[in-house]
Amino acid sequence: MRASRSHLPATGDVDALLRLVAACRAPAHLPSLRAAHARLLLLLHPSHPSAAPARVKLIQAYAACSALPAAHAVLESSCPLDRGGTTTTAVCFNVLIRALTAASLHRDALRLFVSMRPRGPACFPDHYTYPLALKSCAASKELLLGLQIHSAVAKLGLDANRYVAHSAISMYARCGRPEDAYRVFDGMQHRDVVSWNAMISGFARAGLFERAVEVFKEFVALQCSIPDAGTMASILPAMGNAKAEDILFVRKAFDEMQFKELISWNAMLAIYANNGYHVKAVELFLRMEKDGIGVKPDSVTLATVLPPCGELSAFSVGKRIHENIKRKMMLPNLLLENALLDMYANCGCLKDAREVFDSMSARDVISWTSIISAYGKHGHGREAVDLFEKMLGQGLEPDSIAFVAVLAACSHAGLLDVGKRYFGSMTSRYHITPKAEHYTCMVDLLGRAGCISEAYDFITTMPIEPNERVWGALLQACRIHSNMDIGVVAADSLFRLVPEQTGYYVLLSNMYARAGRWADVTSVRSVMANKGIKKLPGASIVELGDRVHTFHIGDRYHPQSEMIYQKLDELLGRIRGMGYNPEVEATLHDVEEEDKEGHLSVHSEKLAIAFLLINTSPGTPIRVTMNLRTCGDCHFAAKLISTITSREIILKDTNRIHHI
DNA sequence: GTAGGGTTAG
């Protein structure tokens with residue numbers, strides 16, 4: 001049968017027509033739907049028992065086919081299907097409002113909602129309508145209307161309805177009234193898992209993270225019902241900068257869930273990813289692939305786990321995910337493509353990142369920011385700036401983060417004037433208020449270029465309070481350019497601002513020492529001793545197969561430890577003959593005092609390199625990621641090792657990616 | 001023949 005004829009069902013069978021209507025779920029089905037609708041108009045008299053259900057089905061079908069005006073027309077027509085209006089119940093309104101909320105058209109949903117009551121008793125909102133209306137109030141921050149609805153609901157005695165209560169909790173919390181939300185929650189006679197989820201999510205969305213975690217814990221302890229995927233997703237926004245014990249607690253609840261739905265896995269992955277537990281995130285993802293019962297990673301899963309892959313330079317896991325994405329034909333998908341591009345860039349594979357970027361059919365500011373930042377971190381500042389200009393040429397508006405990327409690129413490439421110009425255009429042309437990150441970039445840019453006093457003046461005149469990163473950038477610049485006077489000011493500010501921040505201590509005490517301020521040196525050291533502060537242990541991470549291996553300074557815990565040290569001895573012996581001398585290197589590169597001690601044992605990046613040389617075949621690039629900035633000694637050693645072994649070494653530290 | 005909480009990239 002030809003397609004055009006299939007649009008005109010020549011049947012008088014109302015049930016068959018209704019089945020046809022119900023099967024129309026996509027815009028492609030619209031012609032069939034219109035034909036069936038026309039036929040129904042001829043067949044159904046208002047008295048027909050199927051008239052009212054037919055209208056509901058028609059509205060649903062039009063909505064499912066993204067034909068909301070048509071759905072609305074069915075609702076509004078005092079049509080032959082239902083002339084009397086007595087069966088024009090609220091149901092049709094509810095279905096259409098539901099379709100509007102699903103399409104995030106909350107204003108339209110609310111407009112339709114307020115039009116119901118004036119149309120008479122048959123159209124009065126009911127216990128199905130109120131939750132939808134409250135949801136739209138929550139989404140559009142309509143506290144006033146929300147309050148009106150909630151009090152109307154109470155007068156009708158519908159506030160005991162759990163659906164109404166849950167949406168009221170959510171509405172209050174999202175409209176900035178978490179205490180009112182809690183009052184509704186507290187007043188409920190019987191709470192089910194959704195009640196708890198609504199309250200957890202409510203506190204989380206209102207920014208009351210500790211309260212959210214408290215309620216989560218109380219819920220788990222109560223054991224009257226068990227957390228589900230909704231609970232996991234609700235607690236997630238409250239776990240942005242979570243305590244280790246809270247993450248453990250959530251993980252335990254996750255482990256105890258009998259049926260782990262996709263969203264539970266995704267939420268647990270996101271909690272790890274958002275808290276810097278990159279290894280845990282990748283491990284959990286691999287476990288999900290292996291033992292996740294009935295779950296298949298979706299685009300959310302992959303977009304969540306790709307950033308940790310990038311952080312760890314887990315290239316082979318990332319690459320495999322990319323292949324799966326291609327095989328499952330999940331592209332084009334902006335979210336995934338952006339995540340892939342960034343993953344490759346962070347794994348040190350600028351070429352692959354560029355390939356993803358070039359292959360994209362559409363690019364947004366995030367895509368451009370990722371590629372700009374990739375070129376910047378790989379030391380190609382000039383290209384990064386060209387890309388930024390190209391983005392502007394395409395008519396895309398840079399946002400705050402795009403400016404961080406381009407300013408950082410300018411700073412890496414020493415493009416002082418370009419950076420200054422961009423910083424100026426941020427406010428003058430794009431009306432973006434610079435944040436601490438932007439000021440840090442500018443201080444870094446000025447400082448590296450040797451304009452220390454200008455950088456200092458910049459800090460003293462900036463409109464927001466300089467944070468420790470801003471002072472840290474200045475201190476670093478003072479160290480490079482040996483500016484004691486300003487360096488000491490930066491050190492003082494840092495010491496005052498973040499006495500517990502360990503990362504700067506070595507830099508700080510050296511600065512005081514060089515300025516001859518021995519009392520301050522002693523005081524920094526005693527603070528370190530008193531607080532039991534140890535330097536952040538230097539760690540290097542490498543990926544081998546599906547496993548991630550971590551090495552610490554002087555590490556002897558690895559099963560292959562003996563082989564690694566043997567290999568390293570052999571390598572160091574060979575490169576000594578090429579002019580490598582650790583002691584001399586240490587002095588030349590002004591290695592910090594504790595790093596000198598470190599030379600007695602062995603820096604983690606050397607162990608990691610030796611480990612990969614043993615375990616990979618010749619020609620395989622060596623990728624190492626570290627949690628600190630690499631020292632000059634290791635950089636030089638890596639360079640020589642790269643020469644004698646003919647291996648490409650990609651060393652990623654906290655600041656940039658070194659291709660050796 | 002309808003309703004509540006909830007995951008994603010720079």
Side-chain angles (χ1 to χ4, degrees), chain A residues 18 22 50 52-60 63 87 89-99 101 125-135 138 158 161-171 173-174 181 185 191-202 204-205 227-237 261-271 273-274 297-307 310 333-343 345-346 356 363-374 398-406 408:
Chain A
L18 289 179
S50 294
R55 294 186 72 182
V56 174
K57 281 210 164 71
L58 282 166
I59 294 172
Q60 274 178 320
T87 53
T89 56
V91 179
C92 291
F93 281 90
N94 295 345
V95 171
L96 184 54
I97 292 173
R98 163 77 217 180
T101 58
D126 62 12
H127 54 297
Y128 283 85
T129 328
Y130 288 115
L132 290 167
L134 286 168
K135 186 190 179 126
L158 287 175
N161 179 297
R162 63 178 66 249
Y163 291 88
V164 173
H166 297 155
S167 51
I169 291 170
S170 173
M171 183 276 293
R174 286 189 182 224
F185 173 77
R191 298 182 196 102
D192 63 12
V193 61
V194 180
S195 325
W196 288 91
N197 294 351
M199 196 62 250
I200 292 165
S201 157
R205 297 223 101 108
D228 65 1
T231 322
M232 293 294 296
S234 299
I235 196 64
L236 171 56
E261 296 169 56
L262 180 60
I263 292 182
S264 300
W265 288 95
N266 289 354
M268 195 65 235
L269 282 170
I271 290 173
N274 296 341
D298 67 351
S299 61
V300 177
T301 318
L302 303 177
T304 308
V305 79
L306 280 168
N333 176 320
L334 198 54
L335 193 78
L336 283 179
E337 288 162 315
N338 287 345
L340 282 168
L341 150 50
D342 207 52
M343 178 276 294
N346 279 324
V356 172
R363 302 178 189 93
D364 64 2
V365 180
I366 296 177
S367 330
W368 284 96
T369 304
S370 296
I371 196 77
I372 290 164
S373 144
D399 64 6
S400 175
I401 305 174
F403 273 106
V404 174
V406 77

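Values below: all heavy atoms of this structure, side chains included; hydrogens, waters and symmetry mates excluded. Naming: A, B, ... by sequence-line order, numbering from 1 per chain. On a predicted model such as this, the values are computed, not experimentally measured, just so you know.
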Closest nucleotide among [options] to the [X] side chain:
| X | options | answer |
| --- | --- | --- |
| A/P131 | B/dG6, B/dG4, B/dA9 | B/dG4 |
| A/S234 | B/dT7, B/dT8, B/dG5 | B/dG5 |
| A/L335 | B/dA3, B/dG6, B/dA9 | B/dA9 |
| A/A303 | B/dG4, B/dT8, B/dG6 | B/dT8 |
| A/V365 | B/dG10, B/dA9, B/dG4 | B/dG10 |
| A/I366 | B/dT7, B/dG10, B/dG5 | B/dG10 |
| A/A233 | B/dT7, B/dG4, B/dG5 | B/dT7 |
| A/R205 | B/dT8, B/dA3, B/dT7 | B/dT7 |

Using OP1 and OP2 only, check whether a side-chain N or O of [X] sits under 4.0 Å from [N].
| X | N | answer |
| --- | --- | --- |
| A/K135 | B/dG4 | yes |
| A/R98 | B/dG4 | yes |
| A/R174 | B/dG5 | no |

Strand DNA chain B as a dot-bracket string - pairs counted if Watson-Crick or G-U with both distances under 3.5 Å, | where the partner lies in another strand: ..........
Return the [atom1] to [atom2] distance between [X] and [Y], rounded to the nearest 0.5 Å.
| X | Y | atom1 | atom2 | value |
| --- | --- | --- | --- | --- |
| A/N346 | A/L341 | CG | CG | 9.5 Å |
| A/I169 | A/W196 | CD1 | CH2 | 10.5 Å |
| A/E337 | A/I366 | CD | CD1 | 12.5 Å |

Face-to-face contact A/Y163 to B/dG4 six-ring, under 5.5 Å, under 30°: no
Examine the base of [N] for any acceptor or donor lying under 3.5 Å from a partner atom in the side chain of [X], and report the outcome as yes or no.
| X | N | result |
| --- | --- | --- |
| A/T369 | B/dG10 | yes |
| A/N161 | B/dG4 | no |
| A/D228 | B/dG5 | yes |
| A/D364 | B/dG10 | no |

For [X], report the nucleic acid contact type (base, sugar-phosphate, nothing); a contact means any heavy atom under 4.0 Å.
| X | result |
| --- | --- |
| A/S299 | nothing |
| A/L236 | sugar-phosphate |
| A/L132 | sugar-phosphate |
| A/S373 | nothing |
| A/E337 | nothing |
| A/A229 | base |
| A/R191 | nothing |
| A/R363 | nothing |

Donor-acceptor contact below 3.5 Å, side chain A/R363 vs main chain A/W368: no
Solution key, residues 264-271 of chain A side-chain donor-acceptor pairs under 3.5 Å, sequence neighbours excluded:
from: A/N266; atom 1: OD1; to: A/T301; atom 2: OG1; distance (Å): 2.7
from: A/N266; atom 1: ND2; to: A/D298; atom 2: OD1; distance (Å): 3.3

Within-4.5 Å side-chain heavy-atom neighbours: [X] and [Y]:
| X | Y | result |
| --- | --- | --- |
| A/T231 | A/S234 | no |
| A/V194 | A/R162 | no |
| A/T89 | A/V56 | no |

